[in-house]
Amino acid sequence: MKSFGRSVASVIQGRSLAAQAAAKQAEHRFKATPQDVKVTKLPSGVVVTSLENYSPVSRIAVVYGAGSRHEPANALGITHSLRVAANQSSKKATAFGIAKNIQQIGGSLSCSTSREQVIYSVSCLRNNLATGIEHLNNVATGHDFKPWEVQDAAKVQRQDLELYLHSPEAQLIEAVHKAAFRDTLGQSLYMPTDRVGAYGVHDLDAFVKSHYVAHNAALAGVGIDHDVLVHLAKKFTFAPGQTPEQKKAKYHGGELRLDQRSRLVHAAVVTEGVAVDSADVLPLGVLQLVLGTGPYVKYSNNLASSKVAKAAASATTHPFAASAICAVYSDAGLFGFQVTADARDAGKVLKAVVNTVTQATKNTITDAEVQRAKHKLKVCCHMDAESSAERLEWIGAEVLLAGQVYGLEQFDSEVDKVTLEDINRVAKKILNGKPTMAAVGDLSSTPYLDELV
């Protein structure tokens with residue numbers, strides 16, 4: 001009959017062999033040295049940036065300065081069409097072939113757009129990078145629009161618009177930009193409903209040829225050696241060309257109200273912010289966190305440190321949300337707050353939050369609040385950097401706008417230099433500016449802008 005237990009000798013012998021094997025593995029263990037973001041500009045004009053984080057998954061992106069702000073007046077929404085067309089056939093591969101090969105390596109290929117950039121990205125395991133790069137090149141630089149595929153894409157565009165029209169939060173973001181800037185940064189990420197299916201092969205080709213050019217492009221990578229990415233960049237077939245002229249965004253201020261059947265009101269009040277290269281961009285980021293953003297503890301009411309949440313809570317007994325907002329672009333920005341509240345209480349909530357934000361211009365902010373906000377800003381930045389996908393878009397957009405990427409240590413150092421005097425100065429400068437308001441929902445009890453400020 002076998003014993004249920006192992007002998008002491010066999011246990012000791014097994015542990016000894018395991019320890020010897022572990023010691024040999026330790027001798028040959030790879031030492032991962034922390035890497036900084038690296039940047040190289042190629043003779044073609046393409047800027048290459050990367051961060052080696054030793055992840056088993058590599059992420060590569062082609063970034064063009066061709067967001068919705070660059071759309072001509074007679075082609076509003078064309079970047080929406082290009083976003084939808086990203087899964088179509090290219091010059092060297094069919095749509096089916098691209099999807100099949102990406103799926104076979106367990107990767108993902110996507111396209112996203114913002115107001116200033118169009119981003120094509122691929123993610124896959126390191127040992128499958130050659131296939132991923134090949135098809136990223138196909139969709140990002142080898143466009144070959146076919147009339148029947150462009151026509152079929154109209155169905156997806158309509159679906160996107162339906163989702164957008166059922167999202168009051170998205171409508172609020174678009175409305176506040178439209179009211180503030182009118183054109184340029186005020187141009188929507190979504191095409192107008194009357195333009196669905198209106199753009200053909202010639203229209204898409206014209207925009208791509210003028211904006212998808214080498215001097216208007218960046219190649220970004222996370223989880224890849226920089227020298228390897230520079231070598232791979234030479235395989236991309238970027239079209240030669242200079243950065244197209246960009247119309248400067250001008251802040252106008254105004255009001256836009258979208259009255260809809262809803263139990264809630266989503267509203268935002270902002271003033272002119274700063275551009276990404278402004279010396280006030282970090283003080284403004286700290287000020288945003290002084291006023292308060294969303295809760296950091298799940299299901300909490302966020303009243304402990306958020307001034308705007310406290311103000312909203314004092315004006316309603318119904319569920320609400322309140323947050324300071326800060327949007328920064330290459331040549332302009334927005335700063336203010338947004339709230340979501342029961343339609344019956346929207347007026348009281350907005351007035352309470354406006355009063356609290358106004359108080360911030362009267363030297364009521366304390367040094368303790370500034371120090372806490374500076375810690376929060378650094379933590380937010382570091383936590384975002386833990387996501388390879390977030391980091392990829394971050395460094396790609398930054399290098400395209402500024403030609404360089406700041407490391408986390410440099411960022412922390414600059415945040416530490418922000419003082420209480422900087423916050424008070426920026427608060428007076430920004431919050432006393434010309435206001436803009438946008439509101440979505442049942443606006444029967446929502447005051448107009450001139451009744452708030």
Side-chain angles (χ1 to χ4, degrees), residues 66-89 95-96 98-99 108-121 139 143 145-183 185-201 203-204 207-208 255-268 319 321 325 327 338-343 346 389 393 437-444 446:
S68 61
R69 70 169 297 169
H70 301 279
E71 297 170 348
N74 62 349
L76 296 179
I78 199 165
T79 56
H80 186 177
S81 293
L82 288 169
R83 182 171 74 241
V84 172
N87 64 348
Q88 296 177 2
S89 300
F96 174 77
I98 294 172
S108 65
L109 187 63
S110 64
C111 175
S112 61
T113 59
S114 67
R115 285 182 157 72
E116 299 201 286
Q117 290 95 27
V118 174
I119 303 174
Y120 296 88
S121 61
V139 301
H143 299 89
F145 303 109
K146 296 176 172 58
W148 55 92
E149 289 185 334
V150 173
Q151 186 177 3
D152 288 343
K155 302 174 185 176
V156 182
Q157 295 166 13
R158 291 191 185 93
Q159 184 181 35
D160 286 350
L161 287 176
E162 283 296 321
L163 292 172
Y164 165 68
L165 293 175
H166 283 81
S167 173
E169 296 87 354
Q171 293 181 67
L172 178 65
I173 294 172
E174 299 302 320
V176 76
H177 279 83
K178 184 67 174 178
F181 296 109
R182 300 179 186 173
D183 55 9
L185 292 171
Q187 294 177 179
S188 177
L189 300 178
Y190 301 87
M191 67 169 51
T193 54
D194 62 340
R195 301 288 180 95
V196 174
Y199 302 123
V201 172
D203 302 305
L204 298 177
F207 188 84
V208 166
E255 184 172 10
L256 187 56
R257 296 165 69 93
L258 303 176
D259 210 332
Q260 301 174 356
R261 292 185 61 184
S262 174
R263 293 173 54 193
L264 300 175
V265 166
H266 303 264
I325 54 177
Q338 68 179 64
V339 300
T340 299
D342 188 283
E393 293 195 12
M437 179 178 175
V440 180
D442 177 1
L443 307 182
S444 57
T446 302

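The structure presented is a predicted model; accordingly, all values stated were derived computationally and were not measured. We're numbering straight along the sequence, starting at 1.
In this structure Asp342 satisfies the salt bridge (Lys or Arg N to Asp or Glu O under 4.0 Å) test together with Arg344, sequence neighbours excluded. Considering only residues two or more places apart in sequence or on other chains, Ala85 meets the side-chain contact (heavy atoms from CB on, under 4.5 Å) condition with Gln88, Phe145. Judged as a side-chain contact (heavy atoms from CB on, under 4.5 Å), and not counting sequence neighbours, the contacts of Leu264 are Ser262, His266, Thr340. The side chain to side chain donor-acceptor pair (under 3.5 Å) check on Glu71 picks up Thr79, with sequence neighbours excluded. Remark: Asp152 engages no residue in a salt bridge (Lys or Arg N to Asp or Glu O under 4.0 Å) (not counting sequence neighbours).
Not a single donor-acceptor pair under 3.5 Å links the side chain of Tyr120 to the backbone N or O of Leu109.
Listed here is the closest heavy atom pair of Val176 and Ile173: CG1-O, 3.3 Å. Of all heavy-atom pairs spanning Gln171 and Gln260, the tightest one is OE1-NE2, 2.8 Å. Between Leu204 and Ser81 the shortest heavy-atom distance is CD2-CB, 3.8 Å. Considering every non-hydrogen atom in both His143 and Val208, the closest pair reads ND1-CG1, 4.0 Å. Ala95 approaches Ser89 most closely through the heavy-atom pair N-OG, 3.0 Å. Taking every heavy atom of both residues into account, Cys111 and Arg83 meet most closely at O-CG, 3.7 Å.
Within the 4.5 Å cutoff, the side chain of Lys178 has no heavy atoms near those of the Ser188 side chain. Looking at heavy atoms from C-beta onward, Thr446 lies in side-chain contact with Arg257 at the 4.5 angstrom threshold. With contacts defined as side-chain heavy-atom distances shorter than 4.5 Å, the pair Ser112/Glu393 qualifies. The shortest side-chain heavy-atom distance between Ile98 and Asn87 does not fall under the 4.5 Å cut-off. Contact annotation: the side chain of Val118 never approaches that of Leu82 to less than 4.5 Å [non-hydrogen atoms, C-beta and beyond]. Residues Arg195 and Ile78 form no side-chain contact, since every pair of their non-hydrogen atoms from C-beta on lies 4.5 Å or further apart. Using a 4.5 Å heavy-atom cutoff, the side chains of Ser68 and Thr113 are not in contact.
Here the straight-line distance linking atom CD of Glu116 with atom NE2 of His70 works out to 6.0 Å at 0.5 Å rounding. Atom CZ of residue Phe181 and atom CZ of residue Arg69 lie 8.5 Å apart, to the nearest 0.5 angstrom.
More than 12 heavy atoms of other residues, nucleotides or ligands lie within 6.0 Å of NZ in Lys146, so this atom counts as buried by the packing criterion. More than 12 heavy-atom neighbours from other residues, nucleotides or ligands sit within 6.0 angstrom of CD on Glu169.
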Please table the atom pairs, donor to acceptor, closer than 3.5 Å between any side-chain atom in residues 160-168 and protein atoms at least two apart or in another chain.
| from | atom 1 | to | atom 2 | distance (Å) |
| --- | --- | --- | --- | --- |
| Asp160 | OD2 | His80 | NE2 | 2.9 |
| His166 | ND1 | Glu162 | O | 2.8 |
| Ser167 | OG | Ala170 | N | 3.3 |

Passes side-chain contact (heavy atoms from CB on, under 4.5 Å), Arg115 versus Leu189? Steps please. CA-CA 7 Å; Arg115 285 182 157 72; Leu189 300 178; 3.9 Å; yes
